[in-house]
J.: 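Below: one structure in structure tokens.
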Amino acid sequence: MLIQRPKGTSDILPDQVEKWHYIENVLRQICREYGYDEIRTPIFEHTELFQRGVGETTDIVEKEMYTFRDKAERSITLRPEGTASVCRAYAENKLYANPLPVKLYYLGPMFRYEKPQAGRFRQFNQFGIEVFGSTNPAVDAEVITLAMDFYERLGLNGLEVHLNSVGCPKCRPVHKRKLQEFLQPHLDKFCPNCQGRFERNPLRMLDCKNPTCQELSDGAPTTTQCLCDECEEHFAAVKSYLDAVGVRYFVDERLVRGLDYYTKTAFEIMVEEIGAQSAICGGGRYDGLIEEIGGPATPGIGFALGMERIFAALAVQGIDIPLVTRKDVYIAVLGQAAAVEGFRLQAILRKLNLKVETDYLGRGLKAQLKAADRVRARFAVIIGDDELARGVVVVRQMDSGDQVEIGLIDLEDYLLANS
RNA sequence: GUGGAUGUGGCGAAGUGGUUAACGCACCGGAUUGUGGUUCCGGCAUUCGUGGGUUCGAGACCCAUCAUCCACCCCA
């Protein structure tokens, strides 16, 4: 039996990788413009980082982590998301010594032990940004703007920013209490899942997809109704900054986010029809997180977006990524002596930064030209015994079929002049 | 973790119990000597995810198992 890839993973094949490069380039470009620098953190961390950072009551920590013991019996976890690691790196490397705010981005694989389906995998790739050291609502708006700017550059349509404020340690307990008071009388009618959430995280009951639960929680006190003055002001400011740059959003009071660390601003960007999945980006503010994992009290905000879901959305919307893979020269050789000469020419032409290939299968001329056609070469350089003896090569323009005989010493100039 | 669908060559896909498993694409080779993208001809599954069973006979029926896809939960 052939060994297959593990469930929920994928091989990104060469033609597909080209597309990844394209998207990664757009991301890197946009980060440069917005002033974000790349950070690379380990793909695995001490399990405790995620337990403390992501939150013990979250689905991620409760059931989705790839956790194992290493040879020294340390509990290690493959990162299920990026924010906790970046915060850890920020604190551990004392990046707060830099001028604030510190603006970072990352790109790489994440791991969650889930049952795969459309738009969901066990290993998937996220791009994310984090801003540390500012409570300014303008930063919240910048982060959201960056994401939307990016999607726009790819040509994606119909994206919706869903925006909410989940409050802070001051107003959250007030809301939690009011919420519990509201939900208590009907508690027995909620789904088992929600009943479990009642004590630990009643907020999560608000975004339960179960219709009955939705109905029961209809009219429940929302987070935005219970915000303290500071959070209220902050939320209003975020909205006005978004208005100022023309980023449209929907205030979604049921939006809670699955991770515990969020404070104040929480948002998701939705797109239609990636199977049952619709979130293509999620993020928010997490002013207590760095302190939670042992760093200095530092406000932060960021988001993560799913690379695979970008491709899914592009596919659904019929958007093609422009690919330009074309070989400049294919060297067709006939016979051993010509093969050596061709090999030599190949090396020389590559030093001119030309894309060059030659035959390694000992095929006939016909087959070699076919190969040249298939790699979409611009030129075929043909070398046989005759050419070899006379110190010339035949250069064929693949598009037109015109071909000329050229002296070996003139080949470089000819190709450069014509490519 | 729960549920549904599917599993035939590199890919797509016929086959609804009876001798040699359609077809399309891709791939390889040929159509007078060393010339591609069109056309024509030829080649390409001792075998139908795997293991059992029913039957005179199974790719087709039954059971199990694995895998993939989709959905629930939740999210990227």
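Protein chains get the first letters and strands the later ones, always in sequence-line order, with residue 1 at the start of each.
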J.: Check this for me: does any side-chain nitrogen of one of Arg40(A) and Glu38(A) sit under 4.0 Å from a carboxylate oxygen of the other?
T.: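 Salt bridge: yes.
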J.: Does any donor-acceptor pair link the side chain of Glu64(A) with the base of G1(B) at a separation under 3.5 Å?
T.: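 Flag unset: no donor-acceptor pair detected.
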J.: Just to be sure I understand the rule, does Ala372(A) reach a base, reach only the sugar-phosphate, or reach nothing, if contact means heavy atoms closer than 4.0 Å?
T.: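 No contact at all - Ala372(A) keeps every heavy atom at 4.0 Å or more from the nucleic acid.
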J.: Regarding Ile382(A), tell me which of base, sugar-phosphate or nothing describes its non-hydrogen contacts under 4.0 Å with the strands shown.
T.: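 Result for Ile382(A) = base.
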J.: A76(B), A67(B), U68(B): which one has an atom nearest the side-chain heavy atoms of Lys7(A)?
T.: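 Nearest to the side-chain atoms of Lys7(A), counting from C-beta on, is U68(B).
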J.: If you look at every strand shown and take non-hydrogen atoms under 4.0 Å, does Asn125(A) touch a base, only sugar-phosphate, or nothing?
T.: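 Touches nothing.
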J.: Could you identify which residues of residues 388-401 of chain A place a heavy atom less than 4.0 Å from some atom of RNA chain B, listed by residue number, or say none?
T.: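 Arg396(A), Met398(A), Asp399(A), Gly401(A) - these, ordered by number, are the residues of the stretch whose heavy atoms sit under 4.0 Å from the strand.
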J.: If the condition is ring pair (Phe, Tyr, Trp, His ring centres under 6.0 Å), which residues does Phe68(A) pass it with, not counting sequence neighbours?
T.: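 Phe68(A) satisfies ring pair (Phe, Tyr, Trp, His ring centres under 6.0 Å) with no other residue.
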J.: Please table the atom pairs, donor to acceptor, closer than 3.5 Å between any side-chain atom in residues 386-395 of chain A and protein atoms at least two apart or in another chain.
T.:
unit_1	atom_1	unit_2	atom_2	d
Asp386(A)	OD1	Arg390(A)	NE	3.4
Asp386(A)	OD2	Arg390(A)	NH2	3.3
Glu387(A)	OE1	Gly384(A)	N	3.0
Arg390(A)	NH1	Glu405(A)	OE2	2.9
Arg390(A)	NH2	Glu405(A)	OE1	2.9
Arg390(A)	NH2	Glu405(A)	OE2	3.3

J.: Side-chain atoms of residues 307-321 of chain A: list all donor-acceptor pairs with protein atoms under 3.5 Å, sequence neighbours left out, distances to 0.1 Å.
T.:
unit_1	atom_1	unit_2	atom_2	d
Glu308(A)	OE1	Asn125(A)	N	2.9
Glu308(A)	OE2	Asn125(A)	N	3.1
Glu308(A)	OE2	Asn125(A)	ND2	3.0
Arg309(A)	NE	Gly119(A)	O	2.7
Arg309(A)	NH1	Ala279(A)	O	2.9
Arg309(A)	NH2	Gly119(A)	O	2.9
Gln317(A)	OE1	Asn157(A)	N	2.8
Gln317(A)	NE2	Asn157(A)	O	2.8

J.: Which part of the nucleic acid, if any, lies within reach of Glu308(A) when heavy atoms closer than 4.0 Å are counted: base, sugar-phosphate only, or nothing?
T.: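 Here Glu308(A) touches no strand at all.
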J.: Would the distance check show the side chain of Asn25(A) and the main-chain N or O of His21(A) forming a donor-acceptor pair, the cut-off being under 3.5 Å?
T.: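 Answer holds: yes.
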J.: Please give the distance between the C1' atoms of A22(B) and A13(B) as a whole number of Å.
T.: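 Those two atoms are separated by 10 Å.
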J.: Listed by chain and number, what are the ring pair (Phe, Tyr, Trp, His ring centres under 6.0 Å) partners of Tyr261(A), not counting sequence neighbours?
T.: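 Checked Tyr261(A) against ring pair (Phe, Tyr, Trp, His ring centres under 6.0 Å); matches are Tyr286(A).
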J.: Just to be sure I follow the notation: if a pair is Watson-Crick (purine N1 to pyrimidine N3 plus N6-O4 or O6-N4) or a G-U wobble (N1-O2 and O6-N3), each under 3.5 Å, what dot-bracket string does RNA chain B give, with | for pairs to another strand?
T.: ((((((((.[[[..)..(....]]].(((((.......))))).....[[[[[..)....]]]]])))))))....
J.: Are Arg122(A) and Tyr66(A) in a cation-pi setup, meaning NZ or CZ lies under 6.0 angstrom from the ring centre and within 45 degrees of the ring axis?
T.: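 No, Arg122(A) and Tyr66(A) do not form such a contact.
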J.: Using a heavy-atom cut-off of 4.0 Å across all strands, would you classify Ser10(A) as base, sugar-phosphate, or nothing?
T.: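 Answer is nothing: Ser10(A) stays at 4.0 Å or more from every strand.
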J.: Take atom P in C41(B) and the same atom in U32(B), then report the distance between them in whole Å.
T.: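 These two P atoms come out 16 Å apart once rounded.
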